[in-house]
Amino acid sequence: MRDWCSALTCCRPAPMLDLRHVSENLPEVKAALTRRGFSDAALLDRLGTLAEERRSVITGVEALRQERNEASQAMANVADKKSEEFQTRREQLRTLGDQIKQGEARQAAVETELEAILLNLPNLPHPGTPDGLTENDNVEIRVWGDKPSFDFDARDHVELGTGLDILDFERAAKISGSRFVVLKGLGSRLNRALMQFMLDVHAAEHGYEEVWPPVLVKDSAMLGTGQLPKFAKDAFRMAKDEEWEAEAGAQGHDLYLVPTAEVPITNLHANEIVAGADLPIAYTGYTACFRSEAGSYGKDTRGMIRVHQFDKVELVRFCHPDEGEAQLDVLTQHAQTILQKLGLHHRVVQLCAGDMGFAAQKSYDLEVWLPAQSAYREISSCSWFGDFQARRMKARFRPEDKGKPRFVHTLNGSGLAIGRTLVAILEQNQQADGSVNVPEALVPYMAGIERIPAP
RNA sequence: GGAGGAGUGGCCGAGCGGUCGAAGGCGGCGGAUUUGAAAUCCGUUGUAGGGGCGACUCUACCGGGGGUUCGAAUCCCUCCUCCUCCGCCA
């Protein structure tokens, strides 16, 4: 609770799901949330009760305020402010003021509880999102390329990278602990080439505006995209030095290391009203990403598949509500283009309702083939959030035909996760002698180097 | 880190504790003029939450929060943000 309330006071976010929509369509909302495995019916009933109370409290308070306003007006027009009548009236109005304060306090309490509930409800799955609760229910949409075949036993990226002396897990552990990696030599170079390549393709060929955002963000930004309040444990937060703050009389914001560039880039338009004619807006940006991986103990402990710090190029789009679904296809294709240009075998799956992220209403994952694991692994997740994020961060547009501001729709996707792309290149392009071929598209970014040679 | 200054509607910018949702300008929209456009003139133009079938009406919002007061954009406290100068620093 305390984690995000300061954000509430500094950016005044609207609740995520529309209160009116939820409270007036409780059965439908319950059904939709059940589809993604959320089935706390009691919580939703509580929300309904609170919504009703909120309405009656507001009506009451506003009537009292109207009375006060009218009385104050009359007071202003009294010529003799010292008259006994004026003094008496003043006493009466003082009581009225106290009643208003009581009503306001009740309203605040009700709204605080409502907000807490709403902020913790996930987005409703889009009708186009298939049923299912786990990744086993995801739907394969299309497959690109063929599985590479080897006439030797395929090595995994750890063996390959260590052998080539381009990945160093032991020294990373010495410096930073488990789940970190040091890239060396051509490994570092390859990482840098991938970042450059991806940004170039998206900026020059796909029309995205390139941005380089901060990687430390306020809690209000994390709240806007949906990482907070529910998933605070997944992010790294800057330690606040209470002693120092007391001494300096300062009280800074909580700052979080971004788990994805989605957070700073999507929040670029928080609390803004953009011109409808400017939509769609598209940004691409690189950031390092930081994740605590709380709760994933024992999962992917080997190698750089799941690490605390990794690099990623992100795609973010803002669009008109009518275009959201089509924009998701566009964005997904943009991400897929990178894998195609790199010649990496992969597939596209649509996530079922239960496997989607908290804020998403429809998602596609790009899964790249890892021969050593003999499995497809997520390398990009492309999602359409409807107005879920926009509502939380108050990102709106003014329709071209005049009219009231409306919430934009937001989308994002990895374009791509650089670390996992590097893993896929090592594993899919490995040669019998342990060397690795550099994808043709990357050669210009590698100063002409076509192969990472075996030692 | 030290010393100052400032935060008002889409933007700029006025505003004696009551008649201020807030002058004026820009921008936007509608209209007049024009072959059309520019220019000019007239009008109009915030967001959100309640109530009413509805024309409509009420309430809140002048960076956030709190306080004083019958009454706060205006007074007090506090926090945040931005700017200027000095210092330090990649």
Side-chain angles (χ1 to χ4, degrees), chain A residues 2 4-15 18-24 50-101 103-112 114-115 118 214-221 223 240 242 244-255 267 269-279 387 390-408:
Chain A
R2 191 62 210 170
W4 48 270
C5 62
S6 62
L8 289 179
T9 57
C10 72
C11 73
R12 298 165 288 137
D18 182 43
L19 173 60
R20 179 174 295 173
H21 177 260
V22 174
S23 59
E24 290 177 359
L50 286 167
E52 277 176 40
E53 181 174 2
R54 171 177 174 276
R55 190 172 300 206
S56 69
V57 170
I58 285 177
T59 308
V61 171
E62 292 194 341
L64 291 177
R65 270 201 280 250
Q66 183 178 355
E67 187 183 339
R68 182 179 69 183
N69 287 347
E70 284 165 1
S72 287
Q73 194 52 56
M75 296 286 277
N77 295 329
V78 172
D80 182 5
K81 302 276 203 264
K82 297 229 169 74
S83 71
E84 200 165 308
E85 186 194 337
F86 187 90
Q87 297 299 335
T88 312
R89 191 78 184 111
R90 212 162 101 172
E91 286 304 316
Q92 294 170 347
L93 288 178
R94 201 195 303 273
T95 313
L96 182 61
D98 289 341
Q99 290 177 328
I100 291 173
K101 269 184 187 161
E104 285 173 341
R106 181 63 199 148
Q107 184 185 342
V110 170
E111 291 187 337
T112 298
L114 267 176
E115 215 156 50
L118 284 170
V215 295
L216 283 171
V217 297
K218 296 193 280 195
D219 47 6
S220 57
L223 194 81
K240 288 182 74 173
E242 309 280 348
W244 177 85
E245 286 192 350
E247 201 175 299
Q251 194 187 328
H253 274 287
D254 285 347
L255 286 177
N267 276 282
H269 292 295
N271 294 307
E272 289 187 8
I273 301 175
V274 303
D278 291 343
L279 298 175
D387 65 6
R391 192 180 292 280
R392 289 167 84 102
M393 64 184 191
K394 283 211 175 95
R396 293 173 293 174
F397 72 100
R398 195 173 295 279
E400 291 188 66
D401 55 353
K402 257 187 123 197
K404 295 199 170 247
R406 298 177 58 188
F407 290 114
V408 298

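Residue numbering restarts at 1 for every chain, and letters A, B, ... go by the order of the sequence lines.
- Between A:R396 and A:E272, no side-chain nitrogen of the basic residue sits less than 4.0 Å from a carboxylate oxygen of the acidic one, so the salt-bridge criterion is not met.
- Distance check, rounded to the nearest 0.5 Å: CE of A:M393 to CZ of A:F407 gives 10.5 Å.
- Between atom CG of residue A:L114 and atom CG of residue A:L50 there is a gap of 4.5 Å, rounded to the nearest 0.5 Å.
- The side chain of A:R68 has B:rG71 as its nearest neighbour among B:rU68, B:rG71, B:rU47.
- A:R55 comes within contact range of the sugar-phosphate backbone alone, with a heavy-atom separation under 4.0 Å but no base atom that close.
- To the nearest whole angstrom, the two P atoms, one in B:rG64 and one in B:rG7, are 13 Å apart.
- Atoms CG (A:D278) and C1' (B:rG10) sit 13 Å apart, rounded to a whole Å.
- Checked for salt-bridge contact, A:R94 and A:E91 meet the test: a charged N lies under 4.0 Å from a carboxylate O.
- Spacing between atom NZ of A:K394 and atom C1' of B:rA48 amounts to 8 Å, rounded to whole angstrom units.
- Here B:rU47 is the nucleotide among B:rU47, B:rU59, B:rG51 with the atom lying nearest to any side-chain atom of A:R398.
- Two residues, A:R396 and A:E67, neighbour RNA chain B, and the one matched to the more 5' nucleotide by heavy-atom proximity is A:R396.
- By the neighbour-count criterion of 12 heavy atoms within 6.0 Å, atom CD of A:E85 is sparsely surrounded, having that number or fewer from other residues, nucleotides or ligands.
- Remark: C1' of B:rU69 and CD of A:Q92 are 17 Å apart, rounded to the nearest angstrom.
- Comment: A:R106 engages A:E53 in a salt bridge, judged by a side-chain N to carboxylate O separation of less than 4.0 angstrom.
- One atom, CG of A:L114, and another, C1' of B:rA48, lie 16 Å apart when rounded to the nearest Å.
- For the atom pair CG of A:L64 and OG1 of A:T59, the computed distance is 11.0 Å after rounding to the nearest 0.5 Å.
- Spacing of C1' atoms, B:rG65 relative to B:rC70, comes out at 24 Å, to the nearest Å.
- Taking atom C1' on both nucleotides, B:rG67 is separated from B:rU81 by 22 Å, rounded to a whole Å.
- B:rC42 sits 22 Å from B:rG46 when the C1' atoms are compared, rounded to a whole Å.
- Side-chain N/O atoms of A:E62 and base N/O atoms of B:rG49 include a donor-acceptor pair closer than 3.5 Å.
- Picking from B:rG10, B:rG50, B:rU59 the nucleotide with the shortest atom distance to the side chain of A:I273 gives B:rG10.
- The P atoms of B:rC16 and B:rC75 are separated by 9 Å, rounded to the nearest whole Å.
- With rounding to whole Å, A:L96 atom CG is found 13 Å from B:rU59 atom P.
- Taking atom C1' on both B:rC76 and B:rC86, the two are 31 Å apart, rounded to the nearest angstrom.
- For A:K101 and B:rU68, the shortest distance from a side-chain N or O to OP1 or OP2 is below 4.0 Å.
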- Query: With Watson-Crick and G-U wobble geometry limited to distances under 3.5 Å, how should the secondary structure of RNA chain B be encoded in dot-bracket form, using | for bases paired to another strand and [ ] for crossing pairs?
  - Reply: ((((((((.[[[..)..(.....]]]((((((.......))))))((((((....)))))).[[[[[..)....]]]]])))))))....

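- The 5' end of RNA chain B is approached more closely, in terms of each residue's nearest nucleotide, by A:Q73 than by the other of A:R54 and A:Q73.
- Taking 4.0 angstrom as the limit, A:R94 places a side-chain polar atom (N or O) nearer than this to OP1 or OP2 of B:rC70.
- Protein atom CG of A:D219 is 14 Å distant from nucleotide atom C1' of B:rC79, rounded to whole Å.
- Checking the phosphate oxygens (OP1, OP2) of B:rA60, a side-chain nitrogen or oxygen of A:N69 falls inside 4.0 Å.
- Comparing B:rG50, B:rA60, B:rG71 against the side chain of A:S72 picks out B:rG71 as the nearest.
- Inter-residue side-chain proximity for A:L96 and A:Q92 is flagged as unmet; no heavy-atom pair is nearer than 4.5 Å.
- For B:rG71, neither phosphate oxygen OP1 nor OP2 lies less than 4.0 angstrom from any side-chain nitrogen or oxygen of A:R90.
- Computed from coordinates, the A:E272 CD to B:rC11 C1' distance equals 13 Å when rounded to whole Å.
- If you take CD of A:E104 and P of B:rU59, they are 14 Å apart, rounded to a whole angstrom.
- Separation of atoms CG (A:L19) and NE2 (A:H21) is listed at 11.5 Å; rounding is to 0.5 Å.
- Atom name P, nucleotides B:rA73 and B:rU33: the rounded distance is 44 Å, in whole Å.
- Between B:rG63 and B:rU8, the distance separating the two C1' atoms is 10 Å to the nearest Å.
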